[in-house]
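One-based numbering, in listed order, for ligands and for the atoms of each.
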Amino acid sequence: MGKIILTGDRPTGRLHLGHFVGSLRRRVELQNSGLFDKIFIMIADAQALTDNADNPEKIRQNIIEVALDYLACGIDPTKSTIFIQSQVAELCELAFYYMNLVTVSRLQRNPTVKTEIQMRNFETSIPVGFFTYPISQASDITAFRATTVPAGEDQQPMIEQAREIARRFNGIYGDTLVEPEILLPDNAACMRLPGTDGKAKMSKSLGNCIYLSDSSEEVRKRVMSMYTDPDHIRVEDPGKVEGNTVFTYLDAFCQPEHFAKYWPDYSSLDELKAHYMRGGLGDVKVKKFLYAILEELLTPIRERRKEWEKDIPAVFDILKRGSEAARAVAANTLADVRSAMRINYFDDAELIAEQSRKFQG
Ligand code: ATP
Ligand code: MG
């Protein structure tokens, strides 16, 4: 059986560094590795509407922003299929059947959904669509028979739930669906990149992001005002690197060669950390180093984005063709699902023959 990737992002804003280290960078590497038979990248607009029902314009405006970010990062539409979730109606039908396989209490236990409900102040009135989005996500993944989902740590409970649904379905109706595996970043700092404010997760909804399309000046401002160690007041004070966002970002982005290029006083991150912990190293210097590293990463992304921005109709065309291709694949899986569930009445000659015999005595 082939290796297939499905992954995606909600069009609730432009993509940020958290997306990049959590999933996007990996997708590009895997796309170019040639090890995967198919790669599907989904702009999850229907999922984004589950908590933005009253703001459809936000979702509409961000479709192109996310698509541009993909192309800017090196997602190649000739190698990967980029599509829009709402344009693949088959996904809704799958979700409708999967709902029978999941209990309310199982959904309530999903830790990511729990946190997100709190974040959105949904405690007293959770939209049913939002509450059940892990089921819809299971449809997205299984519709493409995905074996692999490159994603950040927050997605682990979703993939676990998708696996359970696939297993339950196969147990009842026979072997039909593929159980997906999550592919987490191998670097701990990238599993859940914190926001520039030091908060648990960089997230569009929290406004603590460095966006892939931010200008050089915006990135500089974001880095210079980043949360560090609040007790590291004077340069000579010993500083903490744990929980210090600038060092977490260095863990995520710094490569050994960056020292020779931008800060030859040190030869490794460990050496830099040791000096900071001893005292005598100011935050501004470390931030400038991080800024140089981020600029090296973001400059080519920014430039590629500018190129694609010149031809927006071409980007929409990529999305349209991708959505058509995705729809054909999902329809195929849905046909298998219907047949396994014994609801394929009209293309089941056996059923008609059997019923005829029954009534003719
Ligand atoms: P929203 O606030 O609308 O939920 P988000 O910023 O959390 O947006 P998503 O579209 O939900 O972004 O996430 C898309 C992908 O990016 C997922 O694979 C997720 O794990 C990954 N991701 C998002 N934020 C981070 C982060 N801070 N660190 C690592 N991975 C992340
Ligand atoms: Mg999210």
Side-chain angles (χ1 to χ4, degrees), residues 5-30 39-53 55-56 58-59 61-63 65-67 69-70 73 75 82 84-85 110-122 127 129-130 133-134 136-137 140-141 146 148-162 180-214 222 226-227 245 248-249 251-253:
I5 288 179
L6 176 112
T7 159
D9 306 272
R10 295 154 39 96
T12 48
R14 291 174 291 145
L15 299 184
H16 53 62
L17 286 176
H19 298 116
F20 186 78
V21 296
S23 171
L24 200 44
R25 175 166 63 185
R26 200 44 157 312
R27 296 178 206 171
V28 176
E29 281 165 16
L30 297 177
I39 301 182
F40 295 97
I41 300 186
M42 181 179 82
I43 304 184
D45 62 336
Q47 185 186 119
L49 282 166
T50 64
D51 57 329
N52 289 282
N55 199 356
K58 171 170 149 192
I59 309 305
Q61 295 302 326
N62 280 305
I63 298 279
E65 298 283 359
V66 172
D69 284 331
Y70 286 163
C73 285
I75 297 290
I82 309 176
I84 304 180
Q85 185 186 22
N110 185 312
T112 301
V113 177
K114 260 192 202 165
T115 326
E116 290 178 340
I117 285 173
Q118 273 169 6
M119 256 172 63
R120 289 162 176 75
N121 293 321
F122 274 168
F130 184 79
Y133 91 73
S136 137
Q137 207 168 312
D140 306 334
I141 298 170
T148 314
V149 183
E153 200 183 33
D154 61 310
Q155 291 303 309
Q156 204 151 17
M158 305 303 159
I159 310 304
E160 193 42 52
Q161 195 137 30
E181 310 241 7
I182 191 166
L183 187 63
L184 291 168
D186 33 30
N187 175 336
C190 300
M191 297 254 193
R192 188 180 292 254
L193 192 75
T196 50
D197 55 359
K199 292 236 172 73
K201 180 175 172 287
M202 179 178 284
S203 169
K204 287 169 269 179
S205 315
L206 295 174
N208 56 8
C209 305
I210 295 177
Y211 292 98
L212 299 174
S213 50
D214 276 347
R222 281 284 186 190
M226 244 163 126
Y227 180 86
T245 319
T248 311
Y249 280 41
D251 282 330
F253 295 102

Student: At a non-hydrogen distance cut-off of under 4.0 Å, which region of D154 contacts ligand 1 (side chain, backbone, both, or neither)?
Tutor: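 It is the side chain that touches ligand 1; the backbone stays farther off.
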Student: Is there a nitrogen or oxygen of P150 sitting under 3.5 Å from a nitrogen or oxygen of ligand 1?
Tutor: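 No.
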Student: Do M202 and ligand 1 have an N or O pair less than 3.5 Å apart?
Tutor: yes
Student: Treating Y249 as the side-chain partner and P194 as the backbone partner, does any N or O pair qualify as donor plus acceptor under 3.5 Å?
Tutor: yes
Student: Going by distance only, is there an N or O of K201 that falls short of 3.5 Å from an N or O of ligand 1?
Tutor: yes
Student: Output yes when the distance from some N or O of ligand 1 to some N or O of S23 is under 3.5 Å, and no in every other case.
Tutor: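 The answer is no, given that S23 and ligand 1 share no N or O pair closer than 3.5 Å.
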Student: Which atoms of ligand 1 are found less than 4.0 Å from any heavy atom of G152?
Tutor: 18 (O), 19 (C), 20 (O), 30 (N)
Student: Please state which part of R120 comes within less than 4.0 Å of ligand 1, counting heavy atoms only: side chain, backbone, both or neither.
Tutor: side chain
Student: Quick check against the 3.5 Å criterion: does T115 have a side-chain atom that pairs as donor or acceptor with the backbone of P111?
Tutor: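 Side chain of T115 to backbone of P111: a pair is present.
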Student: Does I59 offer a backbone N or O that forms a donor-acceptor pair with the side chain of R10 under 3.5 Å?
Tutor: no
Student: Taking the side chain from Q137 and the backbone from M158, do they hold a donor-acceptor pair closer than 3.5 Å?
Tutor: no
Student: Judged by atom type as modelled, is there a donor-acceptor pair below 3.5 Å linking the side chain of N208 to the main-chain atoms of G198?
Tutor: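 It does not hold such a pair.
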Student: Please report whether ligand 1 has a polar contact with G8, defined as an N or O pair separated by less than 3.5 Å (distance criterion only).
Tutor: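 No, since none of the N or O atoms of G8 sits under 3.5 Å from an N or O of ligand 1.
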Student: Going by side-chain hydrogen bond (donor to acceptor under 3.5 Å, both in side chains), name the residues that satisfy it together with R192, two or more places apart in sequence or in a different chain.
Tutor: E153
Student: Can you sort out which atoms of ligand 1 are near C190, meaning under 4.0 Å from one of its heavy atoms?
Tutor: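 Answer for ligand 1: 29 (C).
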Student: Select one of side chain, backbone, both or neither to describe which atoms of A44 lie under 4.0 Å from any atom of ligand 1, heavy atoms only.
Tutor: neither
Student: Side chain or backbone of E116 under 4.0 Å from ligand 1, or both, or neither, by non-hydrogen atoms?
Tutor: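 Neither; no heavy atom under 4.0 Å.
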Student: Can you sort out which atoms of ligand 1 are near Q155, meaning under 4.0 Å from one of its heavy atoms?
Tutor: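 Selected atoms, number and element: 17 (C), 18 (O), 20 (O).
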Student: If hydrogens are left out, which of R10, Q156, H19, M191 has an atom nearest to atom 12 (O) of ligand 1, that is, the closest non-hydrogen atom?
Tutor: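 Looking at heavy atoms only, H19 sits closest to atom 12 (O) of ligand 1.
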Student: Is T112 reaching over with its side chain to a backbone N or O of D154, donor-acceptor style, under 3.5 angstrom?
Tutor: yes
Student: What do you reckon, does S203 have a nitrogen or oxygen under 3.5 Å from a nitrogen or oxygen of ligand 1?
Tutor: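 Yes, there is a polar N/O contact under 3.5 Å.
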Student: Among all residues two or more places apart in sequence or in another chain, which pass the side-chain hydrogen bond (donor to acceptor under 3.5 Å, both in side chains) test with Q61?
Tutor: E57
Student: For G22, take its heavy atoms, then give the atoms of ligand 1 lying under 4.0 Å from any of them.
Tutor: 29 (C), 30 (N)
Student: Under 4.0 Å, heavy-atom basis, I'd like to know which part of R192 is in contact with ligand 1: side chain, backbone, both or neither.
Tutor: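 Contact part for R192 vs ligand 1: backbone (N, CA, C, O).
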Student: Looking at ligand 1, would P194 count as a contact under a 4.0 Å heavy-atom criterion?
Tutor: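 False for this residue.
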Student: Got a donor-acceptor contact below 3.5 angstrom from the D214 side chain to the Y211 backbone?
Tutor: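 Such a contact is found between D214 side chain and Y211 backbone.
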Student: Please check if the side chain of D69 supplies one atom and the backbone of L15 the other of a donor-acceptor pair under 3.5 Å.
Tutor: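 Such a contact is found between D69 side chain and L15 backbone.
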Student: Which of the listed options, A151, G18, G207, holds the heavy atom that is closest to atom 31 (C) of ligand 1?
Tutor: G18
Student: Geometry only, no angles: is H16 polar-contacting ligand 1 at N/O separations under 3.5 Å?
Tutor: yes
Student: For ligand 1, indicate whether the residue L193 contacts it via side chain, backbone, both or neither (heavy-atom separation under 4.0 Å).
Tutor: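 Looking at L193 and ligand 1, atoms from backbone and side chain both fall under 4.0 Å.
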Student: Are any side-chain N or O atoms of S23 and backbone N or O atoms of P150, one a donor and one an acceptor, separated by less than 3.5 Å?
Tutor: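 A pair under 3.5 Å: yes.
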Student: Could you check whether any side-chain N or O of R14 sits under 3.5 Å from a backbone N or O of L212, counting only pairs where one atom can act as donor and the other as acceptor?
Tutor: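 Not confirmed, R14 side chain does not pair with L212 backbone.
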